[in-house]
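These notes concern the structure reproduced below.
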Amino acid sequence: MAAFRLCVLLVWATITAATAQSRILPDKPSDTLDKEFHRQRREQLRKQLPARSVAVFFAAPVRNRSNDVDYYYHQDPDFYYLTGYTEPNAVLIVYGEPQTIDGKQVQDLLFVQPNDPRAEQWNGKRLGVEGASAALGIATQPNTTFKPYLDKAKLQQVYAKPLPADVRDDKRDNADLYSLLEQFKAKNLTTDVKALELVMGQMREQKTPEEINLLRKAVSISAMGQVEVMKAMKPGMSELEIQGLHEFVHNKYGAHFVGYPSIVGAGNNGCVLHYIESAKPTIGNSELVLMDVGAEYKGYTADVTRTIPANGKFSPEQKIIYELVLKAQDAGIEQCKVGNQFSAPTQAAQEVIAEGLIKLGIIKNKAEVRRYFPHGATHYIGLDVHDAGTYGPFKPNSVVTVEPGIYIPEGSPCDKKWWGIGIRIEDDILITGKGWENLSKQAPRTVAEIEKMMAQPSALDDFVLPEIE
Ligand code: GLY
Ligand code: MN
Ligand code: MN
């Protein structure tokens, strides 16, 4: 009897576990863009195309690093947005109205690299012609048929983006991107570049719910990197080590790449806006460390900056400048509302910084503010870190950064006590119908929050490696 009861219990437990699991595990990751997403983007584009016109997109070039080693391949963001295809040597045609090709009605046509067992043994699987059609829900042809297609097609009104110039010719492949571009250029078609860039910008500026999900994830991952580094930071660590900690956290959350080279600058290095060398071997005890690092998750990139004191405590001067940048950022974020001019956050931040620097005697008048705050405070993020968009008045469902900074390099014409302070605070802001939401708020922002987080122990405190001679 007891055995029977145990058996019933086990069966019940198994069924419950299975049901719970099927509830928890969806068929596919809910945060992967599917073919319907990309199809809808092509429809959205098609609505803007006049009848009998076509838009032509080329995949991004493979970029060579040196000799026979290439950089990681990164698809052209527009191409990815419209297709989901992540391989090189491809062309997309979006028709203004359906076409009959080989007896079939098509609205879009994607030329892709065919399967090639030898190439795939070395460089990984290709979707291939049928595979790409099935996976992406689009009519496909081998890229080797692009030339005969062009010879037959009567392309009248053609929209295209500027053609990439940094393309290497693979002489063994007559359908590599180099050849596809040559074939296209040989037709001497007049193309409208401006109109297509405008349309793609309008589309990419306003994110769909799926894109917002991915951006949320990329931003949260980046914020977690900042949190872990705040706990782990110690004077004496190297800039490169700090960069590695951020990127390790990203990788642990499944983000393969950073959306731009990581910026980790200690002391005076923090005053170089895009300092990517991470060259300083030993971060000084009293230095600030500026960390502008953005995880790229499934193509979408965050852009988050925190500036923290290496020893866990801001000096009086560092705190004064930090709180001025924070006040400017708050003023900028308040401007992130539908209908406001794109320049509004920058202007608001500039006002606050100018006034503050005048009060501190660092500058004499507002016109000098650009010496210490020389960049804009806002750009869109998305598939690019400086994403496509109209840069006109704010629209709902766009995601922008607000990133004021004050940089006072050694030798600046002000009291020496300010020298070597470089501070940027950058958050990623979703513009909603009602106002804004700070997607990176998990990363501490205020002086008190940062100092509190830095006092926390880190799992990495015990991660000590032996010296190497
Ligand atoms: N990380 C580049 C920028 O902040 O725009
Ligand atoms: Mn930025
Ligand atoms: Mn940044």
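Atoms considered below: every heavy atom in the structure, side chains included; atoms not considered: hydrogens, waters and symmetry mates. Numbering of ligands and ligand atoms starts at 1, following listing order.
- Against a heavy-atom cut-off of under 4.0 Å, Glu426 is close to the following atoms of ligand 1: 4 (O).
- Proximity to His386 (heavy-atom distance under 4.0 Å) selects the following atoms of ligand 1: 2 (C), 3 (C), 5 (O).
- What sits closest to atom 3 (C) of ligand 1 on the protein, heavy atoms only, is Asp303 OD2, 3.3 Å.
- Residues Tyr391 and Phe342 bring their aromatic ring centres within 6.0 Å.
- Atom numbering of ligand 1 starts at 1 in the shown order; those under 4.0 Å from a heavy atom of Glu403 are 3 (C), 4 (O), 5 (O).
- Distance check for His386 against the Mn ion (ligand 2): none of its N/O/S atoms falls below 2.8 Å.
- Between Phe248 and His250, the ring center distance fails the sub-6.0 Å criterion.
- Taking the six-membered ring where the residue is Trp, the centroids of His38 and Phe79 are separated by 6.0 Å or more.
- For Val385, the heavy-atom gap to ligand 1 stays at 4.0 angstrom or more.
- To the nearest 10 degrees, the angle centred on the Mn ion (ligand 2) between OE2 in Glu403 and OE2 in Glu426 reads 80°.
- Heavy-atom separations between His274 and ligand 1 include at least one value shorter than 4.0 Å.
- Side-chain rings of Tyr72 and Phe257 approach one another, their centers coming within less than 6.0 Å.
- Asp428 is not listed as a side-chain neighbour of Leu215, based on a closest heavy-atom distance of 4.5 Å or more.
- His379 counts as a contact of ligand 1, since one of its heavy atoms falls under 4.0 Å from the ligand.
- A donor-acceptor contact closer than 3.5 angstrom is absent between the side chains of Gln206 and Asn397.
- No salt bridge links Arg41 with Asp78; every basic N to acidic carboxylate O contact stays at or beyond 4.0 Å.
- Here Asp303 reaches the Mn ion (ligand 2): one of its N/O/S atoms is less than 2.8 Å from the metal.
- Electrostatic pairing of Glu368 and Arg371 does not count as a salt bridge here, judged by no charged N lying under 4.0 Å from a carboxylate O.
- When Thr305, Asp292, Val293 are checked for heavy-atom proximity to atom 1 (N) of ligand 1, Asp292 turns out nearest.
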